[in-house]
Structure formats: structure tokens, C-alpha cells
Engineer: 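I have a structure I would like to understand better, so I am pasting it below and will then ask my questions one at a time.
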Protein chains: 2
Amino acid sequence: MRILYVEDEKYLADAVIHVLEKSGISVDYAEDGEEGLNLAVKPIYDAIVLDIMLPKLSGIDVLRDLRERGIKTPVIMLSALSQVEDKIKGLNYGADDYLAKPFKTAELAARLRALVRRPALKPETVISYSDLYYNLEDRTLNDLALSEKEANIIESLLKNPEHVLSKEYLLSHVWGSDASGEDNYVEVYISYLRKKLEKLKSKAKIKTIRGLGYKLCSKNSS
Amino acid sequence: MRILYVEDEKYLADAVIHVLEKSGISVDYAEDGEEGLNLAVKPIYDAIVLDIMLPKLSGIDVLRDLRERGIKTPVIMLSALSQVEDKIKGLNYGADDYLAKPFKTAELAARLRALVRRPALKPETVISYSDLYYNLEDRTLNDLALSEKEANIIESLLKNPEHVLSKEYLLSHVWGSDASGEDNYVEVYISYLRKKLEKLKSKAKIKTIRGLGYKLCSKNSS
DNA sequence: ATAATATTTTAAGGAACTTTTAAGGTTTCT
DNA sequence: AGAAACCTTAAAAGTTCCTTAAAATATTAT
């Protein structure tokens, strides 16, 4: 499970993130409402945890904006005040749950799991890594259409992020197990994909491991 | 007449209930979706008034659940936002009427009376998405007449909005499961339909997903 | 029943996109 | 430097899709 946590109190955030990650929840973090909104619009989160009092844009503002854009990612609102007013406002704007500060991180984790369990009927249709999200249904990468071969390659890479995939592996998975050793196929398509990653200004990139293959990784990693 | 009213804003609920009871309508009250659903399944209500934004289960969830269980009690949906999306979703899941907040309690009472007077088992006759509404009874799309094939295709698309439907799927659903692989049938009719969507100046459009099929989507989405 | 009208099928050219192929250029390693 | 691995590009070949219009069929009105 991957969630977005928007919170301006860094110390609190650090502690909460630490506990959540330990319990197997992957957390992206934003420090203010604006940054939070920019991340929240991406369809890569299973849930969003929104503090109400935030710099730049309040949690309520972020939530309203999201819902107005038709984004239905489940949201848990956090409020320092246990003011009923805020709770009501949040729920009215389409929040899915509400938690008063201070809270036990374990409870947050539990509520997240409850929230994400709900729509169990849809098979996973999006694979994401870093700032990339690939939609299996319509073969779009961050809403950019890919051709079949491009799609199959990025799918393989996204399913094995930060792992080296050999040309032979990609050849057999994308072109079929018989495809005779045309390594150049793979090279050409890796090149196409790199261009598209550029175009998307993605932080992720495809690294060449000379003699071994290719590896998808985030720009700021080794 | 006895109705169920599901609403989480207590102050509003109190006021509305007061007025309805005064005008001779007996009101049961539930505070969240879960409680509402538990009551709504009982065959004792002439109608149900459902707020959309509710804790635990949304009004949409409650409605869907009811209809899935075959319970046909008339439902009026309430929404704080006057968002067409919500209205349409509600009507699609089998709501019988819709009222935007804020509303005059007198109007709610009038609609309730109108609804209860109606024959209850009216089969769904309109499917809608975005700014499109397709009438199954007379095969009109936004009041524009369609031919049988056109109608069947748009019906399939409207029943699976924002999902990719393959040509094979459309062929078998519209022409019959035997129809030999004449993909061109589908292409021709998609072309006709696109012309009609243009003519209607609809925000919705039919997108081609090369190699996969077609997808109905709202112009300003992905 | 016949004509007028509408719908569906068929067909074909071409537009748009994908994949393959090939060739020359760059990087990396010894 | 030389070889191997890799990158990039673009043209050629291959597919899929779009559009149109005429032919065939069905429907409706007279």
C-alpha cells in the first residue's frame, strides 16, 4: 500500500512515517497544501492523509479541489482541534474518515487498512514507481499513450524496479520466446522510452548496466 | 406515509424532520450510511431520502447495495454539491429523484408525495455519463435519434464509461456472438457516433486505444 | 404494393501509427 | 588504439484505423 501524507509538523511526520513504513505502508510526504495537491492528483496512492491546518492551502482546500477534479482517492483528515466543525466540513467535502490529533499511529494504520480494503472488486490496473504510473488497461504512462512494445517493456521494468533486466529477458517477454537474438530491438525501444520519460520530466530513468541489461531507477539514487 | 431519512448533519436533519412530520409524513432517521442501510432494507418505507456524503457508507454505496439486493423502494438523493456527476451517478444506480442542497423542505415533501404516487417498479430507462443521456426506450441520445447499431454501441460504451472495450466485445454484443471478424463494422459505426457526438457538442468523446479498442471519456479527462 | 427513406454491409483508398531494419556514431573497457 | 557494447536515427515495411460512398437490405409511408 502506498499513501500520501500531508503534514507541516516535521517532527510528527517523521515519527508517523517511521511507524507506518515499519508496518509495511509506503509513504510519500508533502509539507504543505500546495505540494500535497500536486502529488495527490496522481493516481498512484491508495489513500491520502491530510492535515487540516497546512501552509499555503488548507487540507479542506486540497480535499475540495481533489473531489472537484473527480479524483476519488480515499482521504483521512487530521485535525489538531477536535472541532466538530472541521470534521463536518471535511466529511461533507468527501473525506472518507477523520482522526483527531493527537492520535496513535497504530490507529491511523488500522484506519488506512480499513479504508483501502473497501473497494476490493477492482483488480490492480495501475503499476507505479517513483513518479511514474502505468495504466495496464489503456497502456498509458502518466497519461501518455504508448505503443504495444513500449508498453510491454515499461511494464516489465515497473514490475522489477531497481532490478537489472537483461536484453534476453526483455526480448523473450516482449517479442516472444523465439525471437532470435535481435538485441537491437530492445535498444531501439529503450531509446524510445527514454525519450518519453524525458518528455514526462520524470524523475525515473532507465539505466544501462553494460553487459548485463537495463534497470529502472529514480534519478537521485545511485 | 413513512420514510427513512439518512443524513449526518444533525441540525439540518432536526429541522427537516420537524417540517415533514408536521405535514403528515412519518420519518425514521439514520445518522450514517451503515445505520441507514440496516433500516432501508426493511420493507416498511414508502421512500428513502439519502444524503450522498455520509460517514461509513456513502449514499451512493447504500443505494447500490439496496438495488443489488433487489430492494426497489423509491429513493431521493441529496447532495451538498450541485455536481451533475453525483446526480448522474445516483440516477444510474437507480435513484428515483435528486435534490441539491440547500433545498426547501416543502419541496422535498412535494417530491416525496409525487414519488410515492408513482408506480414503483419503473425499470431504468436512461443511462448517462458526463453530459450524455441515452434513452433506452426510444433510442435517443440527448434527444437525437440513433439507429439500432449506433444505439447498441453507445449503450455498451455508456455502461462501461472510461473503460476500454475491444472491437471483439462490441462485435459480439452488437452484432451477435457469431458475427465473423468484421472489425470494419465497428469502425464505421464508431465513426458515425463520433459525428453525432460532435453534432451534440458533447464533452464526451470516444477515444481510440490502438490495438485495444475504444473508450468513452470526458473531453477534459486524461 | 410501390415508392421513398433509412439502415446496414461492403469495399477501397489513404492516413496514422508501429515495428523492423540498417547504418553510422558514441561510449566503455582492455 | 581497437573491439565490443550500446545509442540514435530514419527510412522501409507492416498494421491498424478512419472515412467515404455505393450497393444491398430493411423499414415506413402513400
Side-chain angles (χ1 to χ4, degrees), chain A residues 134 137-141 143-157 164-199 205-217 222, chain B residues 134 138-141 143-157 164-199 205-217:
Chain A
Y134 171 68
E137 191 185 336
D138 59 9
R139 296 206 296 227
T140 55
L141 181 65
D143 298 323
L144 179 67
L146 301 183
S147 80
E148 190 190 339
K149 302 286 192 249
E150 290 171 335
N152 290 340
I153 289 184
I154 203 69
E155 186 181 334
S156 291
L157 289 170
V164 179
L165 300 185
S166 69
K167 284 182 196 172
E168 294 69 41
Y169 177 92
L170 289 170
L171 252 186
S172 70
H173 274 71
V174 175
W175 274 265
S177 46
D178 48 340
S180 54
E182 275 304 345
D183 281 7
N184 189 232
Y185 290 1
V186 179
E187 290 162 11
V188 167
Y189 274 89
I190 291 289
S191 168
Y192 291 165
L193 278 175
R194 282 177 173 154
K195 250 185 216 161
K196 297 208 168 170
L197 291 182
E198 275 291 310
K199 191 152 137 195
K205 68 173 191 174
I206 301 170
K207 230 174 148 178
T208 300
I209 315 298
R210 184 165 245 259
L212 294 179
Y214 302 94
K215 174 173 121 172
L216 183 66
C217 57
S222 63
Chain B
Y134 170 69
D138 57 9
R139 292 204 312 226
T140 55
L141 181 65
D143 300 322
L144 177 67
L146 300 183
S147 80
E148 189 191 336
K149 303 289 192 235
E150 289 172 334
N152 291 339
I153 288 184
I154 202 70
E155 185 181 333
S156 291
L157 289 170
V164 179
L165 301 186
S166 69
K167 285 180 195 174
E168 294 69 42
Y169 177 93
L170 290 170
L171 252 185
S172 71
H173 275 71
V174 174
W175 276 266
S177 46
D178 48 340
S180 54
E182 275 304 345
D183 282 5
N184 189 233
Y185 290 3
V186 178
E187 289 162 12
V188 168
Y189 274 89
I190 290 288
S191 170
Y192 292 165
L193 277 174
R194 281 178 173 154
K195 256 184 210 157
K196 298 209 167 170
L197 290 183
E198 275 291 310
K199 193 149 131 195
K205 69 172 189 174
I206 301 170
K207 228 173 147 178
T208 300
I209 315 296
R210 186 166 247 259
L212 295 179
Y214 300 94
K215 173 172 123 171
L216 183 66
C217 57

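As the structure is a prediction and not an experimental result, all values here were calculated from the model. All values below come from the heavy atoms of this structure, side chains included, with hydrogens, waters and symmetry mates left out. Lettering of chains follows the sequences in order, A, B, ..., and the numbering in each one begins at 1.
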Engineer: Using atom CG of B/Asp183 as one end and atom C1' of D/dT15 as the other, report the distance to the nearest whole Å.
Structural biologist: 12 Å

Engineer: Select one nucleotide: of D/dA21, C/dT7, C/dT19, the one nearest the side-chain heavy atoms of A/Tyr189.
Structural biologist: C/dT19

Engineer: Please tell me which of B/Glu187 and B/Lys149 maps to the more 5' nucleotide of DNA chain C, matching each residue to the nucleotide holding its nearest heavy atom.
Structural biologist: B/Lys149

Engineer: Give a yes or no on whether a donor-acceptor pair under 3.5 Å exists between the nucleobase atoms of C/dA22, that is its base, and the side chain of A/Asn184.
Structural biologist: yes

Engineer: Roughly how far apart are B/Leu193 CG and B/Glu150 CD, rounded to 0.5 Å?
Structural biologist: 5.5 Å

Engineer: Looking across every strand, which nucleic acid part, if any, lies under 4.0 Å from A/Glu148 by heavy atom: base, sugar-phosphate, or nothing?
Structural biologist: sugar-phosphate

Engineer: Using a cut-off of less than 4.0 Å, is there contact between a side-chain N or O of B/Tyr185 and OP1 or OP2 of C/dT8?
Structural biologist: no

Engineer: When the nearest nucleotide of DNA chain D is assigned to B/Val188 and to B/Gly211 on a heavy-atom basis, which residue is associated with the more 5' position?
Structural biologist: B/Gly211

Engineer: Would you tell me if any nitrogen or oxygen in the side chain of A/Lys195 comes within less than 4.0 Å of OP1 or OP2 on D/dC7?
Structural biologist: no

Engineer: Measure from CD on B/Glu150 to C1' on C/dA6 and round the result to the nearest Å.
Structural biologist: 11 Å

Engineer: Would you please confirm or rule out a distance under 4.0 Å between OP1 or OP2 of C/dT19 and any side-chain N or O of A/Trp175?
Structural biologist: no

Engineer: Does some side-chain heavy atom of A/Glu168 sit less than 4.5 Å from a side-chain heavy atom of A/Asp183?
Structural biologist: yes

Engineer: For A/Glu148 and B/Arg210: C-alpha separation, side-chain torsions, deciding distance, then whether salt bridge (charged side-chain N to carboxylate O under 4.0 Å, His left out) applies.
Structural biologist: CA-CA 9 Å; A/Glu148 190 190 339; B/Arg210 186 166 247 259; over 6 Å; no

Engineer: What is the distance from atom CG of B/Leu171 to atom CD1 of B/Ile153, rounded to the nearest 0.5 Å?
Structural biologist: 8.5 Å

Engineer: Starting at CZ of A/Arg139 and ending at C1' of C/dT19, how long is that distance when rounded to a whole Å?
Structural biologist: 13 Å

Engineer: Using a cut-off of strictly less than 4.0 Å, decide whether A/Thr208 has a side-chain nitrogen or oxygen near OP1 or OP2 of D/dC7.
Structural biologist: yes

Engineer: Do B/Ile209 and A/Thr140 touch side chain to side chain, with heavy atoms closer than 4.5 Å?
Structural biologist: no

Engineer: Side-chain N or O of B/Ser191 versus OP1/OP2 of D/dT20: is the shortest distance under 4.0 Å?
Structural biologist: no

Engineer: Roughly how many Å is it from CD in B/Glu182 to P in C/dA11, rounded to a whole number?
Structural biologist: 8 Å

Engineer: Without decimals, in angstroms, what is the distance between A/Arg194 CZ and D/dC7 C1'?
Structural biologist: 8 Å

Engineer: Summarise how protein sits on nucleotides 25-30 of chain C as a single string, 5' to 3': B when a protein heavy atom is under 4.0 Å from the base, S for sugar-phosphate-only contact, - for no contact.
Structural biologist: --BB--

Engineer: Could you give the distance from CD1 (B/Ile206) to CD1 (B/Ile190), rounded to the nearest 0.5 Å?
Structural biologist: 4.5 Å

Engineer: Using whole Å, what does the distance between atom P of nucleotide D/dT8 and atom NZ of A/Lys196 come to?
Structural biologist: 15 Å

Engineer: What's the separation between atom NZ in B/Lys196 and atom CG in B/Leu144, rounded to the nearest 0.5 Å?
Structural biologist: 5.5 Å

Engineer: Round to the nearest Å and state the distance from B/Leu144 atom CG to C/dT7 atom P.
Structural biologist: 10 Å

Engineer: Whether B/Tyr214 contacts D/dC18 is assessed here as follows: a side-chain N or O lying under 4.0 Å from the phosphate OP1 or OP2. Is that the case?
Structural biologist: yes

Engineer: In this structure, which one of B/Tyr185, B/Trp175, B/Tyr192 forms a side-chain contact (heavy atoms from CB on, under 4.5 Å) with B/Lys149?
Structural biologist: B/Trp175

Engineer: In whole angstroms, how far is the P atom of D/dC17 from the CD1 atom of B/Ile206?
Structural biologist: 14 Å

